[in-house]
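The structure appears right after this line, and notes come after that.
These values consider heavy atoms only, across backbone and side chains, with no hydrogens, waters or symmetry-generated copies.
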Amino acid sequence: MISHYTTRKIKSDCPKSAPKFALILKVLSVIYKMVQDNTYATKRDIYYSDTLLFGRQSVVDNIVNDISCMLKISRRSLHIVSTTKGCIAGNLSYTEEDGTKVNCTCTATAVFVPSNVQGIRNATFQRLLDDDFCNKLCPCIMITGKGVPDLNTRLLVRKLWDTCHIPIFTLMDADPHGIEIMCIYKYGSVSMSFEAHHLTVPAIRWLGLLPSDIERLNIPKDALIPLTKQDQNKLSSMQKRPYVACQPLWKKEMEIMAASRMKAEIQALTSLSSDYLSRVYLPNKLHFGGWI
């Protein structure tokens with residue numbers, strides 16, 4: 001997917017690559033059977049179907065990625081789905097491919113992102129239910145990937161954007177890791193670059209927490225955290241990425257963070273008041289355009 005890519009050649013008659021070739025054929029045979037039977041499995045399911053043969057989970061992961069890239073189709077088309085860790089909260093109702101109706105409305109706990117996002121039909125959106133926050137704002141859906149998002153969470157966010165043409169905002173910690181997660185939603189990840197065209201949301205906006213918000217809101221210094229050496233290296237690396245040059249406002253926020261050598265979690269807003277995030281910060285940002 002990049003200009004300086006390298007091509008790997010695997011031959012069936014070469015002693016060195018014959019085992020890898022055999023493993024690829026094994027995974028292809030599993031995929032073929034699933035396609036014929038219209039069944040699905042995770043990469044972990046494939047690994048546990050013959051742990052002695054594969055040896056490690058990473059062997060299956062790499063083979064599946066190679067097959068997907070070689071055939072230029074998504075893992076979903078191979079009938080391989082991901083395990084889900086992301087959650088949805090709010091007034092969201094949808095019907096899955098098998099006809100199962102899922103209602104995320106008025107539940108005490110969040111609903112897991114479905115493993116078959118492509119099969120969702122008839123999605124309708126009303127508003128997010130989260131104390132008074134939902135009632136004060138226009139209809140919205142809130143999704144968490146619980147850190148680095150899995151494939152299903154990214155697919156769902158992209159499907160909402162494609163189907164409903166709604167604006168997508170990110171709320172992240174003001175640290176290099178948070179920015180990295182936001183970039184995965186907007187630009188994709190290196191490991192899944194061959195599927196970026198249907199996983200990313202190019203129109204996504206950075207709602208907060210912005211590094212510039214820290215000074216603007218006078219967040220107490222004791223609520224901030226010094227950047228570690230690893231944080232500084234990650235931030236420096238991200239500043240050199242080509243797409244950052246196309247986002248001058250993002251670049252400026254990164255420069256503010258680098259200069260201050262401080263980071264802040266979203267929870268730092270509680271130092272202003274316990275409900276500052278839902279009562280003041282988010283409503284003002286969404287009503288008056290405080291995103292970049």
Side-chain angles (χ1 to χ4, degrees), residues 1-86 97 112-119 145-159 177 180-181 183-200 230 233-234 237-238 240-243:
M1 306 302 292
I2 53 179
S3 58
H4 55 280
Y5 72 92
T6 57
T7 302
R8 285 185 291 176
K9 292 184 178 180
I10 299 174
K11 300 181 179 179
S12 61
D13 58 351
C14 174
K16 185 178 180 180
S17 61
K20 179 67 177 292
F21 184 80
L23 290 174
I24 291 176
L25 289 180
K26 170 63 175 177
V27 174
L28 281 171
S29 70
V30 173
I31 292 171
Y32 179 79
K33 188 175 188 308
M34 290 193 298
V35 171
Q36 292 295 309
D37 298 341
N38 195 30
T39 58
Y40 296 84
T42 66
K43 290 185 295 185
R44 197 155 186 79
D45 292 332
I46 296 175
Y47 167 67
Y48 277 109
S49 69
D50 200 329
T51 57
L52 292 178
L53 176 64
F54 294 116
R56 302 187 311 277
Q57 177 68 57
S58 60
V59 171
V60 175
D61 296 346
N62 292 333
I63 289 175
V64 169
N65 286 342
D66 285 345
I67 293 174
S68 181
C69 192
M70 177 178 63
L71 299 180
K72 294 183 171 59
I73 58 177
S74 67
R75 286 189 296 182
R76 170 69 191 172
S77 297
L78 299 174
H79 281 230
I80 297 176
V81 296
S82 297
T83 53
T84 291
K85 67 173 183 176
E97 190 174 36
F112 279 112
V113 170
S115 59
N116 181 9
V117 174
Q118 300 296 346
K146 295 183 180 178
V148 178
D150 57 27
L151 179 64
N152 293 325
T153 302
R154 293 172 61 188
L155 279 170
L156 180 61
V157 174
R158 174 59 186 257
K159 188 173 185 68
H177 185 64
E180 177 74 36
I181 293 173
C183 288
I184 291 175
Y185 281 107
K186 187 177 180 70
Y187 298 106
S189 61
V190 175
S191 62
M192 297 294 294
S193 59
F194 54 91
E195 292 198 53
H197 61 284
H198 71 275
L199 286 175
T200 56
Q230 185 178 8
N233 291 338
K234 177 179 279 291
S237 175
M238 287 191 293
K240 298 174 183 176
R241 294 179 186 178
Y243 53 69

- [ ] I would like to know whether Tyr185 and Thr200 meet side chain to side chain contact (heavy atoms under 4.5 Å, CB included); could you show each step before the answer?
- [x] CA-CA 5 Å; Tyr185 281 107; Thr200 56; over 6 Å; no
Atom pair [atom1] ([X]) and [atom2] ([Y]), whose distance is rounded to the nearest 0.5 Å:
X	Y	atom1	atom2	answer
Thr153	Ile184	OG1	CD1	11.5 Å
Lys43	Leu78	NZ	CG	11.5 Å
Lys20	Ile63	NZ	CD1	5.5 Å
Lys33	His79	NZ	NE2	12.5 Å
Leu199	Leu156	CG	CG	12.0 Å
Ile67	Ile31	CD1	CD1	4.0 Å

TODO: Count the heavy atoms belonging to other residues, nucleotides or ligands that lie under 6.0 Å from CD of Gln230, then report whether that count exceeds 12.
DONE: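 No, the 6.0 Å shell around CD holds no more than 12 heavy atoms from other groups.
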Open item on the list: With a 6.0 Å cut-off (strictly less than), is the heavy-atom count around OH of Tyr32, excluding the residue itself, greater than 12?
Closed with: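 Counting neighbours around OH of Tyr32, 12 or fewer heavy atoms of other residues, nucleotides or ligands fall under 6.0 Å, so no.
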Task: Heavy-atom pair with the smallest gap, counting every atom of His177 and Lys234 - done: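 Nearest pair, atom of His177 first, then Lys234: N-CD, 4.2 Å.
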Task: Minimum heavy-atom distance Leu23-Phe54, with the two atoms named - done: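 Taking every non-hydrogen atom into account, CD2-CD2, 3.9 Å.
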Open item on the list: What I want to find out is whether Asp150 reaches Arg154 closely enough, with some N-O distance under 4.0 Å, to be called a salt bridge.
Closed with: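 Answer for the salt bridge query: no.
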TODO: Walk me through it: do Arg56 and Asp61 pass the test side chain to side chain contact (heavy atoms under 4.5 Å, CB included)?
DONE: CA-CA 9 Å; Arg56 302 187 311 277; Asp61 296 346; over 6 Å; no
Open item on the list: Would you say that Val60 contacts Gln57 through its side chain, given a criterion of any heavy-atom pair below 4.5 Å between the two side chains?
Closed with: yes
